[in-house]
Amino acid sequence: MAQRITMADVAREAGVSLMTVSRALNDKDGISDVTRSRVHAVVERLGYRASGIARGLVTKRTGTLGLVVPDNSNPYFSEVGRGVEHAAYAQGYNVFLCNTEEDSRRESIVLESLTEKQVDGLILCSPRLLDVELSKALSYFPACVLINRVIENHDSSAIRSDDDNGARLAVHHLIQSGHRAIGMLAGPERSFSGRLRQKGYLAAFTEAGIPHEPSWVQLCIPMVEASQKAAVDLLNRHPNLTALFCFNDLAAVGALKACVQLGRRVPEDMAIIGFDDIPLASLVTPSLTTVHIPRYEIGRRAGELLLAKIEGKPTQNLTVLPVELVLRASAP
């Protein structure tokens, strides 16, 4: 194994002190341009790489960020994560990705682990902890950005999509297409986005002056198999439903499978609209009408927002990104 080159080796080879090497590598004043150039030439020739631990002792930073998502198998979160990682990499940061599997207890454990790793900042995507629990957990991080969650009277910044308006657009489209009995496969009970989407769903009925039955809303885990079961249960209880608005595209795919199971044709017997516009939405048969969310943009902007907070720059408390309805075969 090749011997690790140290800062002392660089200092000895360049004929300068350790302090001079440190000043040259960290672009500090107090040394001449000639000396700085000589140190950098030695660094290049010897192949010296600065120790992250040593650099952290000087900068008080680890060069790492934490990213916590509830389900890393969901393409929505993988695209958000890609945006975060690109923003972090552009400024020399690495990202620890943690998955909580929609489990608030696991979320608490993950956050505790990231505090022990002393990450410079945290991006928490769609957290399931209660506000009181979440506020306490976030207090241990030097900088935080929330995605799809807002906590009142907290100094963390937040970024989300316009979920309630997206739901209104979707349900208005169904109403304009002639549907009146429209069910909803809603997200997890602790989902902030789920509550906003349900709010928009209900607002569309009110605005159209159409009566709504509370039992048309079915909570479910937003994954294909669980959503299929939830959709079967809902449609068996309410066979009069002619359309379903779904919390996300995975739930909508579960609804498609439920319709096959029950012998209902889509869209002839049942119209279905999803949310998120993940790549799968255009690939299934029939292709899904859905609400498009700029997932990569959310992640990228969350990463840039966190890095700005780490640098002590002024930031917005809340950023809401627009959404749009994408019409496809499941609800033309």
Side-chain angles (χ1 to χ4, degrees), residues 67-81 98-107 124-130 146-149 160-164 166-167 169-171 182-202 216-235 241 243-261 266 270-284 287-295 298-299 323 325-326 328 330-331:
L67 171 61
V68 181
V69 301
D71 178 13
N72 62 2
S73 68
N74 185 334
Y76 174 95
F77 296 112
S78 62
E79 190 70 359
V80 168
C98 301
N99 176 41
T100 66
E101 295 189 347
E102 299 281 359
D103 185 339
S104 59
R105 290 174 300 177
R106 181 165 174 169
E107 191 169 280
L124 189 53
C125 194
S126 302
R128 306 307 189 204
L129 288 171
L130 298 173
L146 298 175
I147 296 177
N148 300 337
R149 180 72 173 270
R160 67 172 180 86
S161 54
D162 197 355
D163 291 294
D164 44 346
L169 291 173
V171 179
I182 304 167
M184 179 179 182
L185 291 183
E189 191 172 7
R190 289 192 176 187
S191 169
F192 182 80
S193 293
R195 293 195 295 273
L196 286 177
R197 293 174 191 181
Q198 189 170 340
K199 176 184 175 183
Y201 160 83
L202 294 171
W216 288 351
V217 176
Q218 172 78 44
L219 294 177
C220 70
I221 298 172
M223 299 177 184
V224 175
E225 292 77 11
S227 298
Q228 178 181 354
K229 182 180 183 304
V232 168
D233 291 345
L234 178 61
L235 294 176
L241 293 176
L244 286 176
F245 169 60
C246 303
F247 169 76
N248 68 4
D249 290 335
L250 295 180
V253 172
L256 287 176
K257 292 169 68 70
C259 286
V260 171
Q261 181 180 337
V266 178
M270 176 69 59
I272 295 175
I273 296 184
F275 213 106
D276 295 345
D277 196 22
I278 62 175
L280 181 64
S282 63
L283 301 176
V284 295
S287 57
L288 280 175
T289 290
T290 186
V291 178
H292 176 79
I293 288 180
R295 304 176 304 280
I298 287 175
V323 301
L325 183 64
V326 179
R328 296 196 183 102
S330 69

Main-chain N/O of [Y] paired to [X] side chain as donor or acceptor, under 3.5 Å:
{"X": "Arg328", "Y": "Leu288", "value": "yes"}
{"X": "Tyr201", "Y": "Val217", "value": "no"}
{"X": "Asn99", "Y": "Asn72", "value": "yes"}
{"X": "Arg149", "Y": "Ser126", "value": "no"}
{"X": "Thr100", "Y": "Arg106", "value": "no"}
{"X": "Thr289", "Y": "Ala331", "value": "yes"}
{"X": "Glu107", "Y": "Arg128", "value": "yes"}
{"X": "Arg295", "Y": "Asp276", "value": "yes"}
{"X": "Ser282", "Y": "Pro279", "value": "yes"}

Check step by step if side-chain contact (heavy atoms from CB on, under 4.5 Å) holds for Val171 and Ile273. CA-CA 9 Å; Val171 179; Ile273 296 184; over 6 Å; no

Check against side-chain contact (heavy atoms from CB on, under 4.5 Å), Leu250 and Ile278: CA-CA 9 Å; Leu250 295 180; Ile278 62 175; 3.9 Å; yes

Rounded to the nearest 0.5 Å, what separation is found between the [atom1] atom of [X] and the [atom2] atom of [Y]?
{"X": "Leu202", "Y": "Trp216", "atom1": "CG", "atom2": "CH2", "answer": "11.0 Å"}
{"X": "Leu244", "Y": "Cys246", "atom1": "CG", "atom2": "SG", "answer": "5.5 Å"}
{"X": "Ser330", "Y": "Asp249", "atom1": "OG", "atom2": "CG", "answer": "9.0 Å"}
{"X": "Asp163", "Y": "Lys199", "atom1": "CG", "atom2": "NZ", "answer": "11.0 Å"}
{"X": "Asp277", "Y": "Asn248", "atom1": "CG", "atom2": "CG", "answer": "12.0 Å"}

Residue pair Val80, Ile147: steps toward the side-chain contact (heavy atoms from CB on, under 4.5 Å) verdict: CA-CA 9 Å; Val80 168; Ile147 296 177; 3.7 Å; yes

Could you check whether atom CD1 of Ile221 has more than 12 heavy atoms from other residues, nucleotides or ligands sitting under 6.0 Å from it?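 Counting neighbours around CD1 of Ile221, 12 or fewer heavy atoms of other residues, nucleotides or ligands fall under 6.0 Å, so no.
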
Between Thr290 and Gly274, which heavy-atom pair has the shortest distance, and what is it? OG1-C, 3.2 Å

Between Arg197 and Asp162, is there a side-chain N and carboxylate O pair less than 4.0 Å apart?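 Result for this pair is no, no salt bridge flagged.
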
What pairs meet the salt bridge (charged side-chain N to carboxylate O under 4.0 Å, His left out) rule with one or both residues in residues 216-232, with sequence neighbours excluded? Lys229-Asp233

Consider side chain to side chain contact (heavy atoms under 4.5 Å, CB included). Of Val68, Leu67, Val69, which one does Phe77 pass it with? Val69

Given Val253 and Ser227, is the side-chain contact (heavy atoms from CB on, under 4.5 Å) satisfied, shown in steps? CA-CA 8 Å; Val253 172; Ser227 298; over 6 Å; no

Can you see whether Phe192 has Arg160 sitting over its ring - NZ or CZ less than 6.0 Å from the centre and within 45° of the normal? no

Would you call the rings of Phe275 and Phe245 parallel, tilted or perpendicular, where under 30° means parallel and over 60° means perpendicular?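 Rings of Phe275 and Phe245: perpendicular, over 60°.
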
